[in-house]
Amino acid sequence: MIDIKVLREKAQEMKENILLRNLDLEKYNIDLILEIDRKRRERQKILDELKSERNKISQEIGKKTGEEKNELIKKAKELKEEIDKLEKEFESLEKEMHKYLWQLPNFLLPETPKGKDEKDNIEIKKWKEPKIFSFPPRDHLELALMNDLIDFERGSKVTGSNFYYLKNEAVILEFALFQFIIDQLLPEGFKIFITPDLAKNEILDGIGFQPRGPETQIYRIEETNLGLIATAEITLGGYHKNEIIDETELPLKYLGFSHCFRTEAGAYGRYSRGLYRVHQFSKAEIFIFCKPEDSKKMHEYILSLEEKIFQKLDIPYRVIDICSGDLGAPAARKFDIEAWMPGRGEYGEVTSCSNCTDYQARRLNIRFRRLTGEVEYVHMLNGTAIAISRALIAILENFQQEDGSIIIPEVLHPYTLGIKEIKPKRKALKNFT
RNA sequence: GGAGAGGUGGCCGAGGGGUUUAAGGCGCUCGCCUCGAAAGCGAGUAGGCUGAAAAGCCUCGUGGGUUCAAAUCCCACCCUCUCCGCCA
């Protein structure tokens, strides 16, 4: 959420911000917000004076008796009516202002590249060239079928389309990847969590997800105020809701494991094939709460951890600096890592890390107390440590052999119970695609 | 799921319509005392909104209600504890 005090100062900047994000300025009612705010403050001044008078009279009443007392009660009753009327007006103004403020996107960081949509995202780094195969590489879906690793048909039968069972070595790989991630991040000082897979609407909303509506990404639990989380960002971010953290405890570095559920409404298509876009997957998520002056540094730090993970897995990737028009509302800046996916013949997103500055902190009321005593909002950042589904695509496709077998990345060997290679259980499928 | 008890400041804990715009204690900070420390003594110790400031207003789990006045009374919900039931 944007602070009304900040908006008063930076209304023009917010308008430019909205345009840079390729959003419709008309929908955000900036001038209206300022007008409501003006009225609201005017009302509050009058209201506070009336209340002050009422409080004084009420206290007097307690001390007096008889005629004097009745006289005061009469006066107080009149005041009460006036206050009630003004208060209703004030509350509706405040509610309206809050509603509009809640909808505003975060301010961009100046470093965020300007651009209209994903075509304007900037590749800022490339690690290793895509591997050249001496045979036509298969995509992960075919490899998964040959090696009996994923069962989409039965996932569909039992739950619905785009649900799946992971089987056999794919299961070993999920646990191995998670164990690998713990080994990477525990020495970095991360605290590890397994979070709830559900969260209250107010938390979902606070992080910046829309729990309802036609375009919601969130599965809702009927007759409750709960939704299935789309990422542990939600539960890790909500962890400190309404808290004031001691400066000395910052930065708080968290690693959370959870299942992720996404409706992916209207997202079917060319790139949704197989594991790339599914309704449920497991993910390890990095989350950092830090001081405002540290958040840029922390953002780079998360990216460096993500890079290290893919370097150790030995998967070629590139780093994308997401442009203003392609950012979600909470993010002030965002980096994605895209891994090379030979089956698609192109890079595909495998991680994403965002600096949300104080946007989520305001919505969730998460602050910290400086040694000097001042209380301020924290900055909150999140990033993917590993998303199993996408990581599996990258591993299967990059480490495939001509016969359809898969070499397991060496760095995972300590966690795969001696399995170093996955051998096909059935022959290559003719005319598979 | 059923029955009972309870949710008060960083923590413990009193208060059950007006002298509490929250007693007392612990913790923490500062000062006095001391060579130094402990003890003792004194002072200070939540957040938000409005305001240039002085100050005012709001917050006793959350949301409604009653009242001139609510931590205190009423209703709903949430959470915690104890006992019972069920259960991985």
Side-chain angles (χ1 to χ4, degrees), chain A residues 1-9 33-102 194-206 211 220-227 235 238-250 252 259 289 292 358-378:
Chain A
M1 188 166 62
I2 300 301
D3 187 354
I4 182 63
K5 287 182 204 158
V6 173
L7 190 68
R8 269 178 227 150
E9 308 283 314
I33 297 174
L34 296 175
E35 175 62 16
I36 295 170
D37 174 49
R38 201 185 52 73
K39 278 192 204 160
R40 179 191 66 105
R41 284 191 286 165
E42 193 183 276
R43 296 292 190 290
Q44 180 172 356
K45 207 178 153 200
I46 304 168
L47 196 54
D48 281 359
E49 278 164 14
L50 290 174
K51 280 183 176 174
S52 176
E53 201 181 331
R54 179 202 57 192
N55 289 347
K56 276 188 200 122
I57 294 176
S58 284
Q59 238 166 351
E60 279 302 302
I61 291 172
K63 291 174 194 160
K64 301 278 162 77
T65 50
E67 195 50 38
E68 240 181 331
K69 182 168 182 168
N70 290 334
E71 208 44 48
L72 283 171
I73 289 179
K74 197 179 152 215
K75 206 168 150 195
K77 270 189 184 168
E78 284 165 18
L79 258 180
K80 177 194 160 71
E81 274 177 41
E82 209 175 333
I83 288 172
D84 283 353
K85 197 177 134 225
L86 252 176
E87 186 138 59
K88 281 206 180 83
E89 223 179 298
F90 174 76
E91 276 168 10
S92 92
L93 282 171
E94 191 149 72
K95 216 171 157 186
E96 200 183 357
M97 182 179 83
H98 188 262
K99 186 184 87 189
Y100 288 133
L101 281 176
W102 196 258
I194 293 175
T195 83
D197 285 340
L198 294 83
K200 292 180 186 173
N201 290 334
E202 65 191 66
I203 305 289
L204 293 160
D205 206 13
R220 309 210 47 231
I221 307 294
E222 235 177 292
E223 284 166 31
T224 71
N225 61 344
L226 298 172
T235 38
Y239 190 74
H240 289 295
K241 183 177 153 88
N242 288 335
E243 292 182 21
I244 298 176
I245 301 161
D246 248 30
E247 174 176 357
T248 53
E249 289 180 53
L250 297 176
L252 288 168
H259 296 112
F289 300 85
D358 61 355
Y359 188 82
Q360 297 172 324
R362 286 181 194 281
R363 292 162 77 101
L364 292 166
N365 191 31
I366 304 177
R367 295 166 294 173
F368 75 104
R369 187 178 283 106
R370 290 196 188 270
L371 294 173
T372 53
E374 290 147 298
V375 173
E376 284 177 53
Y377 287 97
V378 295

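Since we're looking at a predicted model, the values are computed, not measured. Side-chain atoms are counted along with the backbone in the values below, which use heavy atoms only and exclude waters and symmetry mates. Chain letters run A, B, ... following the sequence lines, proteins first, then strands; residues in each count from 1.
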Quick test: give all pairs of protein nitrogen or oxygen and nucleotides 43-47 of chain B nitrogen or oxygen below 3.5 Å, distance rounded to 0.1 Å.
| unit_1 | atom_1 | unit_2 | atom_2 | d |
| --- | --- | --- | --- | --- |
| B:G47 | O3' | A:Arg367 | NH1 | 3.0 |
| B:G47 | O2' | A:Arg367 | NH1 | 3.1 |

Gap between atoms CG and P, on A:Asp246 and B:G27 respectively (whole Å) = 18 Å

request  = Starting from P on B:U59, measure out to NZ on A:Lys51 and report it in whole angstrom.
outcome  = 7 Å

Within the sub-3.5 Å range, which N or O atoms of nucleotides 69-73 of chain B have a protein N or O partner, and how far apart are they?
| unit_1 | atom_1 | unit_2 | atom_2 | d |
| --- | --- | --- | --- | --- |
| B:A69 | O4' | A:Ser58 | OG | 3.2 |

key: Rounded distance in Å - CD (A:Gln44) to C1' (B:U50)   = 4 Å

Ion pair A:Glu71/A:Lys75, N-O distance below 4.0 Å = no

request  = Find the runs of at least 3 consecutive base pairs, i with j, i+1 with j-1 and so on, that include RNA chain B, using Watson-Crick or G-U wobble geometry with both distances under 3.5 Å.
outcome  = B:1-7 with B:78-84, B:10-12 with B:24-26, B:27-32 with B:40-45, B:46-50 with B:55-59, B:61-65 with B:73-77

message = Donor-acceptor check, side chain of A:Asp3 to backbone of A:Lys5, threshold 3.5 angstrom: yes or no?
response = yes

message = Using the rule salt bridge (Lys or Arg N to Asp or Glu O under 4.0 Å), only one of A:Glu94, A:Glu89, A:Glu96 pairs with A:Arg40; which is it?
response = A:Glu94

task = Could you work out the separation of B:G13 and B:G9 based on their P atoms and round it to a whole Å?
result = 11 Å

inquiry  = Please check this pair: side chain of A:Arg363 against backbone of A:Asp205, looking for a donor-acceptor N/O pair closer than 3.5 Å.
reply    = yes

key: Atom-pair distance (CD on A:Glu71; P on B:C68), nearest Å   = 15 Å

ask   = Contact class for A:Lys56 vs. all strands (heavy atom < 4.0 Å): base, sugar-phosphate, or nothing?
value = nothing

query = When rounded to the nearest Å, what value does the distance between C1' atoms of B:G25 and B:C73 take?
reply = 30 Å

ask   = So A:Leu226 and A:Arg220, side chain to side chain contact (heavy atoms under 4.5 Å, CB included) or not? Walk me through it.
value = CA-CA 6 Å; A:Leu226 298 172; A:Arg220 309 210 47 231; over 6 Å; no

Where the chi angle of B:G16 falls, syn if within 90° of 0 and anti if not = syn

request  = Taking only Lys NZ, Arg NE, NH1 and NH2, and the carboxylate oxygens of Asp or Glu, determine whether A:Asp84 and A:Lys88 approach each other closer than 4.0 Å.
outcome  = no

request  = Using the C1' atom on both, measure B:C12 against B:G4 and round to a whole Å.
outcome  = 24 Å

inquiry  = Distance check, P atoms only: B:C11 and B:G27, in whole angstrom units.
reply    = 16 Å

Distance between P atoms of B:A69 and B:G51 (Å, rounded) = 27 Å

key: Gap in Å between the two C1' atoms, one belonging to B:C28 and one to B:U82, rounded   = 34 Å

query = About how many Å separate CZ of A:Arg43 and CG of A:Leu93, when rounded to the nearest 0.5 Å?
reply = 6.0 Å

request  = Look at all strands and tell whether A:Ile57 reaches a base, only sugar-phosphate, or nothing, counting heavy atoms closer than 4.0 Å.
outcome  = nothing

message = Distance check needed: B:U50 C1' versus A:Arg38 CZ, whole Å only.
response = 15 Å

task = Give, for atom CD1 of A:Ile4 and atom CD of A:Glu9, the distance between the pair rounded to the nearest 0.5 Å.
result = 10.5 Å

Inter-nucleotide P distance (B:C83, B:A76), Å rounded = 27 Å

query = So what does A:Lys45 touch, heavy atoms closer than 4.0 Å: a base, only the sugar-phosphate, or nothing?
reply = nothing

task = Answer yes when A:Glu53 and A:Lys56 have at least one side-chain N-carboxylate O distance shorter than 4.0 Å, and no when they do not.
result = no

Derivation and outcome, side chain to side chain contact (heavy atoms under 4.5 Å, CB included), residues A:His240 and A:Val378 = CA-CA 11 Å; A:His240 289 295; A:Val378 295; over 6 Å; no

key: Rounded C1' spacing from B:U8 to B:A70 in Å   = 14 Å

Sugar-phosphate, base or nothing in reach of A:Arg8, heavy atoms under 4.0 Å = sugar-phosphate

ask   = Say you draw a straight line from CG of A:Asp48 to CZ of A:Phe90; how long is it, rounded to the nearest 0.5 Å?
value = 7.5 Å

ask   = Do other residues, nucleotides or ligands put more than 12 heavy atoms under 6.0 Å from the CD1 atom of A:Ile46?
value = yes

key: Of A:Ile73 and A:Ile4, the one whose closest RNA chain B nucleotide lies more 5'   = A:Ile4

task = Would you please test A:Leu72 and A:Asn70 for side chain to side chain contact (heavy atoms under 4.5 Å, CB included) and show each step?
result = CA-CA 5 Å; A:Leu72 283 171; A:Asn70 290 334; over 6 Å; no

A:Asn242 CG - B:G10 C1' separation (whole Å) = 16 Å

ask   = Would you say a side-chain N or O of A:Arg41 is under 4.0 Å from OP1 or OP2 of B:C49?
value = no

A:Glu91 and A:Glu87: CA distance, side-chain angles, deciding distance, side chain to side chain contact (heavy atoms under 4.5 Å, CB included) verdict = CA-CA 6 Å; A:Glu91 276 168 10; A:Glu87 186 138 59; 3.6 Å; yes

inquiry  = Expressed as a whole number of angstroms, how long is the span from A:Glu202:CD to B:C77:C1'?
reply    = 13 Å

task = By nearest nucleotide on RNA chain B, pick out whichever of A:Gln59 and A:Lys200 is the more 5' one.
result = A:Gln59

request  = Would you kindly give the CG-to-P distance between A:Leu364 and B:G48, to the nearest whole Å?
outcome  = 17 Å

query = If you check the A:Asn55 side chain, which of B:C68, B:G56, B:C58 turns out closest?
reply = B:C58

